[in-house]
Every structure is written in C-alpha cells, then in structure tokens.
Amino acid sequence: MRKRGSHAGSHVRSHAGSHVRSYARSHAGPHVRSHVVAALAGTVALSLLTAGCGGQGSSSASSSSRTVTYWLWDANQLPGYQACAKAFEERNPGVKVEITQLGWENYWTKLTASMIAGTEPDVFTDHITKFAQFVDLDVLAPLDELPATAGIKDSDYQAGLAASWKGQDGHRYGAPKDWDTIAMFYNKKMTDSAGISADTLNSLAWNPQDGGTFEKAIARLTVDSKGRRGDEPGFDKNNVKIYGLATNDAGEADGQTQWSAFTGSAGWKYTDQKAWGRHYNYDQKSFQSTIDWYFGLADKGYLAPFKNFSQSNGPEVQVGSGSAAIALHGSWMAKTFYGMKGLDAGTALTPVGPSGKRATMMNGLADSLTKRAADKPAAQKWVAYLASDACQTTVGKQGVVFPATEAGTAAAIAAYEKDGIDVTAFTKPVADGTTFPFPITDYAADVAALMKPAMQDVYANGRPVGSLTTTNRQINLILSQGD
C-alpha cells in the first residue's frame, strides 16, 4: 500500500489569502509501507459509523454551503492540488475548495473519526484496501449516478485503474487520480565498484532454488566489515557493512515494496479471482517457496535483517546512507532517491521470475465523494475536475506521481526527465503489460492484521513458511463470513 508525503500535515484554504496551520506531524518516510486499522478497533469504529450514517450534512462544511472540503495525505502532491483548486474556483465562481493534508499515520484514524462525528470531508483520497468497508457502510456516493461524474469511463485512464473502483454492486465509488509501480533503486557508485552494469541490472532473473543472477548480483554488492564481498571466500555474514538489498519490513499482506515483484513473477496470485476474491492463496507452494527464498537472503547476509528497518530508517535512508546498495520501492519515491545528497541514483526493472516474465504491482488511488456532502452539486463537480486531463496534467507537471490519465502521465514523464530522472523502469512494465493489481477483497483490515505478525515472524524469527498455511486458513474463514 502507498502512503506519501507523511512528513507533516497542514490545513490549506486554496483561494486567495490562504492560510496554513500545522495539523499533524509524522516521523515516517515520505512513502513507506502503509498500515491498516487493527481488526478490533475497526469493528468498533464501523459499528459506530453505521449508527451515525443517518445524520444531516457534514458539519465540516455546514458553515458555507459553497465550500467543498477535500482531504489528502500526500504533502508532496499538495502544491499540485492547490493549483487544481485555484483553477476549479475560477471555473466555478462562488465555490471554494478547502484542502486538508494529513500524514498517513493520522489520515485514516481522523477520517474514520470524522465519519463517526458527522464531520467528514466532502471528498477524500481513497485507497483500494479501504473503499470496500466504506461502501458497506453506505457512506460513499455512487459516482455513476451523479450528473457531473456519470460520464467517467474506464477507457479515460490507464488500463485497469478505473475498473478497480467499482464495487460488487457494479457502481463506481472512486475517480482515478494516479498510479504507481515498483522497480529497483540502486547506488551507482556501489554497482560500478562491484562491476555490475546498468544493462546487467535490467536483465537479472531469479528462481527459488539458487536465486539466479539476481541473488548473485545481491551477493556481489554485499560487503562485510573487512571488505569481503558476499561472493568471496571468507565473507562474514554476521558482520555486514553494506547489504546488497535494503529491508522495508516484512510486507504484511501485500508485500508491495518487498516481495510482490517476486511472487508475481513466480506466477502466483493473491486470490482466486482478479477482484473481490473469496479465497486467499498464501498456502500455495509458489508463494511459500518464494517467501522462503526471499527472507532466506537475510540468513545469508545479503538482505538487511528485520531489526534494521524503522520508520526513520526506511530503504531510501539505507541506500542514501550507504548501508545498502539496492532497494525495491515505488515510483512515488523517485524524487526522494534522486534528490538525496551524495547519492548517484539509478533505477532498474524488477527481475524476471520462474514464469519467464518480470512483474510489478500496479496500484492506483482515487477520489471518493461522501454521501453527506453539504453541497453535493459542487462536490461532484470537484471530483469530476480532479479526474480530468486539466487537473491531472497540472499534477503531472509537478513530477511527483503518475496521474491516471494518459495526458497526466505524459506530463509527469516530461517533468521527471527535466529533473534528470529516468522513470523507464516504472513505465515500461505498464507498456509491456507485466503489471498486476493490488488485491481487492472484503475484510482487508482483518487480512492485514493476521498477515503482519505472521510475515514478521518468518522474517525476524525464522518461523517456517509452512506456518502461513494456518494463517491463510484463518483469513479464508473470515472471508467466508460474507458468503
């Protein structure tokens, strides 16, 4: 899952004379692995939400029926959306857009609390793992039933993005805003020193038996305290100075920036169907053998150990500080890696797997409209504008993310190139059709709550991967409750 720009939060009024006041501060990295609401807390919150859904319009906008409130979590994208709000206000005289930006660690907690209190925003940035519960609670407006947003079509966006935001009832509950993929960021000084070229990095392959050329490269890039590489005699795996591969925690249920590129290229799929699966596959051999190999890299000293990861020591910090040579991470981190002082960064495609193909998760965010929006006509117009080429091109020019429309994506690519950032490793998989979607199911919070400690136990404590079969059984029992 993605979270971006969580360094600080601010409350911004987009029109002339805007003011900024501190809202929240998170010490997490600009976009590290996302967390889900604990199952018990989620259950309590959702029961309260259900009880509170019959109220009047959101009090957050009640003081001005011509004000549209909008929440997002990415501080890096805030300037782009401020520019979109200004343009929208010019096109809609008398309507103001009030933007609130919160760090990821606070975003979902405050959003849930606002829905309980009846003070939720009119429009908010939504995540694929969250919208199912909001749909079940009947707090989102079906965009296909509203005049301003009914014309949104799947074909308006990069393939697969818009369809993901349709509920099991067939209604659209999110207007696509952007997308991301995963690639390898690397320290060019280290790869050059190891004799590993960019062409080599872009042609690596792996397998769960011996790790293939990918593991050989990671071993070569690993250096112990006495300067011996991981592929040289005498290498001391217990005293490593530079790890070939940075750690980014255990990956919870999706492994987006950890192991998903490997399980995907092994031909494994999260569930029994592309969307709204009823059965998870964490018990399959292809998954467990991949996880066993991946975390086994830590046992060999090539992958940084579990204890090395923290919110203040994410993979970008590890690569930037010289304690790791390569990190699998998302396209949203490009500016962070390339902007690090003293780091000559590069990007490479994820390795080819046993399936004979490479693979990368393609995730996309969307904007959702709440049913209790005080001025629904104005709010739906804002959603439609957010989803338009006009706004998405504006956001793309910031060179922070890839907007969902083709025009927005093109603007982003041009902006990255202007900054000297090569994003081919992120865009090529989309063009080649080697992407796969984020898993979409009910009970996403429960799934993550079960998988997080299970995966950490395998990584940190060496628990057998076969233990994930029991976890998978528990997950599928939960999913069966909806049948």
Side-chain angles (χ1 to χ4, degrees), residues 1-5 31 33-34 71-74 76-77 80-81 84 104 107-108 123-132 134-135 140 143-144 149 152-167 171-183 253-257 260-261 264 270-271 274-276 329-334 359-369 383-384 386-389 391-393 395-396 398 400-413 423 425-441 444:
M1 301 177 213
R2 282 183 299 156
K3 59 188 177 190
R4 306 187 189 116
H31 185 114
R33 181 196 40 48
S34 64
W71 285 19
L72 52 78
W73 66 73
D74 190 350
N76 294 324
Q77 287 195 70
Y81 285 106
C84 284
W104 174 273
Y107 186 84
W108 297 104
V123 181
F124 68 94
T125 299
D126 208 347
H127 194 280
I128 204 70
T129 62
K130 305 291 185 180
F131 93 100
F134 292 137
V135 172
L140 300 184
L143 300 181
D144 51 302
T149 53
I152 292 176
K153 303 187 297 294
D154 292 358
S155 59
D156 292 337
Y157 308 95
Q158 295 285 356
L161 293 181
S164 296
W165 290 92
K166 292 179 181 177
H171 290 297
R172 188 186 305 282
Y173 292 99
K177 67 191 289 98
D178 60 38
W179 61 270
D180 59 75
T181 53
I182 306 301
D254 58 87
Q256 183 183 17
T257 56
S260 70
Y270 290 88
T271 61
K274 190 172 182 179
W276 304 110
H329 222 318
S331 52
W332 60 89
M333 290 295 291
T360 177
M361 179 183 285
M362 185 178 185
N363 189 29
L365 305 181
D367 291 306
S368 292
L369 173 64
V383 172
L386 287 168
S388 70
D389 272 340
C391 176
Q392 299 210 1
T393 299
V395 173
Q398 300 290 316
V400 176
V401 293
F402 298 114
T405 66
E406 290 188 7
T409 294
I413 292 173
V423 293
F426 300 106
T427 58
K428 182 174 171 55
V430 179
D432 292 347
T434 57
T435 65
F436 58 91
F438 204 99
I440 305 172
T441 68

Check: [Y] and [X] side chains under 4.5 Å, non-hydrogen atoms:
X: F438; Y: H127; answer: yes
X: L72; Y: L365; answer: no
X: D178; Y: V400; answer: no
X: L143; Y: Y173; answer: no
X: F402; Y: I413; answer: yes
X: R172; Y: D154; answer: yes
X: D180; Y: M361; answer: no
X: L369; Y: L140; answer: no

Please report the closest heavy-atom contact between [X] and [Y], naming both atoms and the distance.
X: A407; Y: D389; answer: CB-OD1, 3.5 Å
X: C84; Y: V395; answer: SG-CG2, 3.9 Å
X: L161; Y: G364; answer: CD2-CA, 4.1 Å
X: Q158; Y: M362; answer: CB-CE, 4.1 Å
X: G408; Y: P403; answer: O-CD, 3.3 Å
X: V383; Y: A175; answer: CG1-CB, 3.8 Å

Aromatic plane relationship, W73 with W104 - under 30° parallel, 30 to 60° tilted, over 60° perpendicular: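 Perpendicular.
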Test side chain to side chain donor-acceptor pair (under 3.5 Å) applied to S331 and W179, step by step: CA-CA 9 Å; S331 52; W179 61 270; over 6 Å; no
Verdict with supporting geometry, D156 and T405, side-chain contact (heavy atoms from CB on, under 4.5 Å): CA-CA 6 Å; D156 292 337; T405 66; 5.6 Å; no
Residues that F131 engages under ring-ring contact (aromatic ring centres under 6.0 Å, His included), provided they are two or more places apart: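 Partners of F131 under the ring-ring contact (aromatic ring centres under 6.0 Å, His included) test: W165, W276.
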For Y270, ring-ring contact (aromatic ring centres under 6.0 Å, His included) partners two or more places apart: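 So Y270 forms a ring-ring contact (aromatic ring centres under 6.0 Å, His included) with W268.
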Straight-line distance of I128 CD1 to T441 OG1, nearest 0.5 Å: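 If I round to the nearest 0.5 Å, the distance is 10.5 Å.
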Gap between atom CZ of F426 and atom OG1 of T360 - 0.5 Å precision: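 Rounded to the nearest 0.5 Å, the OG1-CZ separation comes out at 8.5 Å.
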Evaluation steps, salt bridge (charged side-chain N to carboxylate O under 4.0 Å, His left out), between D367 and K177: CA-CA 7 Å; D367 291 306; K177 67 191 289 98; 3.1 Å; yes
Sidechain-backbone polar pair: Q392 side chain, P176 backbone, donor-acceptor under 3.5 Å: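 Flag set: sc Q392 to bb P176 pair under 3.5 Å.
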Ion pair check, D144 and K166, cut-off under 4.0 Å: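 Looking at K166 together with D144, the answer is no, because their closest N to O distance does not fall below 4.0 Å.
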Set of salt bridge (Lys or Arg N to Asp or Glu O under 4.0 Å) partners for K428, sequence neighbours left out: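 Once residues adjacent in sequence are excluded, the partners of K428 under the salt bridge (Lys or Arg N to Asp or Glu O under 4.0 Å) criterion are D432.
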Steps toward side-chain contact (heavy atoms from CB on, under 4.5 Å) verdict (S164, I440): CA-CA 8 Å; S164 296; I440 305 172; 3.8 Å; yes
